[in-house]
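Just so you know, ligand 1 is whichever comes first in the structure, and atom 1 is the first atom listed for that ligand.
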Amino acid sequence: MTTHSGPQAGPKTPARQSASTVRAIFLVGFMGAGKTSVGKALGRRLAWPFEDLDDRIQDREKRSVEQIFRESGEKAFRQVETDALREVLDALGSDPRVIALGGGAFVQPENAFLLQREDVATIFLDGPVEELFRRCNKQQVDRPLRGTLDQFQKLYESRRPLYSKASIQLDTSGKDVEAVAEEVSRILAIPQKD
Ligand code: S3P
């Protein structure tokens, strides 16, 4: 499918983010976009550790994402999410890493602002919304904001312009996880592990 970059790229274009300056790759996008599976594959290819921000949130809270939403509400979840993101960014040392964000993280202005750094690449994984919904339905993951197809679609459309502020945008439809991971490493010109 199509690789989008250039005019749709955000303020930090890949050209300004050479392999030597990128210390973290953040995968962003809607539920079902493949952020976690692509992140794991990318981490393996680059030999960079992979982390899912939702896992950090669950570890901090000792509760599942679903429980946090149910017991404390979305506002509380977003606060923990921002705290967890700050923690990840503060800990970025010389060892680079790959991080998958939850679907709502990058659309929070504060989080997007925190990610505007020269040493961070943000990759928006996109795909047709029906496909994203189908993928979510196949997975054993409790997603409090998934809802019906109609609700899912409306939320996706409201967020899409914000995801598009990522440095790179990739259409994942019809591509397997390894192909998307390969594409990310190629666009960022980061050497892969043999
Ligand atoms: C959310 C997406 C989820 C998780 C939480 C909220 C969202 O992550 O962070 O349920 O607001 O879209 P995934 O995108 O990994 O499902």
Side-chain angles (χ1 to χ4, degrees), residues 24-43 49-89 97-115 120-173 175-177 180-181 184:
I25 300 174
F26 282 84
L27 298 165
V28 312
F30 206 53
M31 293 171 266
K35 302 176 296 285
T36 301
S37 40
V38 169
K40 284 180 183 164
L42 186 59
F50 166 78
E51 181 181 341
D52 189 313
L53 195 74
D54 279 342
D55 289 342
R56 182 178 284 253
I57 293 169
Q58 297 184 134
D59 288 349
R60 280 175 67 119
E61 286 288 298
K62 311 267 179 295
R63 298 186 281 172
S64 69
V65 167
E66 186 279 325
Q67 255 180 308
I68 305 171
F69 267 80
R70 183 163 39 81
E71 295 169 357
S72 310
E74 180 173 355
K75 196 164 172 232
F77 174 79
R78 296 297 170 207
Q79 187 55 58
V80 188
E81 186 173 53
T82 298
D83 293 345
L85 177 61
R86 277 187 192 281
E87 202 171 74
V88 170
L89 289 168
R97 53 197 55 240
V98 179
I99 301 108
L101 295 185
F106 192 65
V107 300
Q108 311 303 316
E110 188 179 356
N111 299 343
F113 178 77
L114 291 172
L115 290 161
V120 161
T122 48
I123 316 292
F124 168 27
L125 300 182
D126 199 14
V129 69
E130 295 79 7
E131 189 172 327
L132 303 181
F133 191 70
R134 261 198 311 277
R135 287 185 202 158
C136 284
N137 285 340
K138 275 199 208 148
Q139 296 163 354
Q140 304 296 313
V141 180
D142 238 326
R143 290 185 165 95
L145 296 183
R146 193 199 58 188
T148 61
L149 175 59
D150 189 50
Q151 290 165 327
F152 190 84
Q153 227 153 5
K154 286 198 171 94
L155 187 59
Y156 168 80
E157 276 152 24
S158 70
R159 287 177 174 181
R160 201 171 181 285
L162 300 163
Y163 294 137
S164 300
K165 295 187 173 165
S167 14
I168 294 163
Q169 182 173 330
L170 288 183
D171 187 339
T172 65
S173 56
K175 294 176 191 163
D176 66 28
V177 164
V180 178
V184 174

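Ion pairing of Glu157 with Lys154 is absent here, as no side-chain N (NZ or NE/NH1/NH2) approaches a carboxylate O to less than 4.0 Å.
Sorted by chain then number, the residues whose non-hydrogen atoms approach ligand 1 to under 4.0 Å are Met31, Lys35, Asp54, Val65, Phe69, Phe77, Arg78, Gly102, Gly103, Gly104, Arg143, Pro144, Leu145, Arg159.
For residues 51-70, the ring-ring contact (aromatic ring centres under 6.0 Å, His included) pairs, not counting sequence neighbours, are Phe69-Phe77. For residues 140-149, the side-chain hydrogen bond (donor to acceptor under 3.5 Å, both in side chains) pairs, not counting sequence neighbours, are Asn137-Arg146, Gln139-Arg143, Thr148-Gln151.
In this model, no donor atom of one side chain and acceptor atom of the other lie less than 3.5 Å apart for Gln58 and Asp54.
Scanning for side-chain contact (heavy atoms from CB on, under 4.5 Å) contacts around Ser37 gives Val177, with sequence neighbours left out.
Here the shortest heavy-atom pairing between Phe106 and Ala112 reads O-CB, 3.6 Å.
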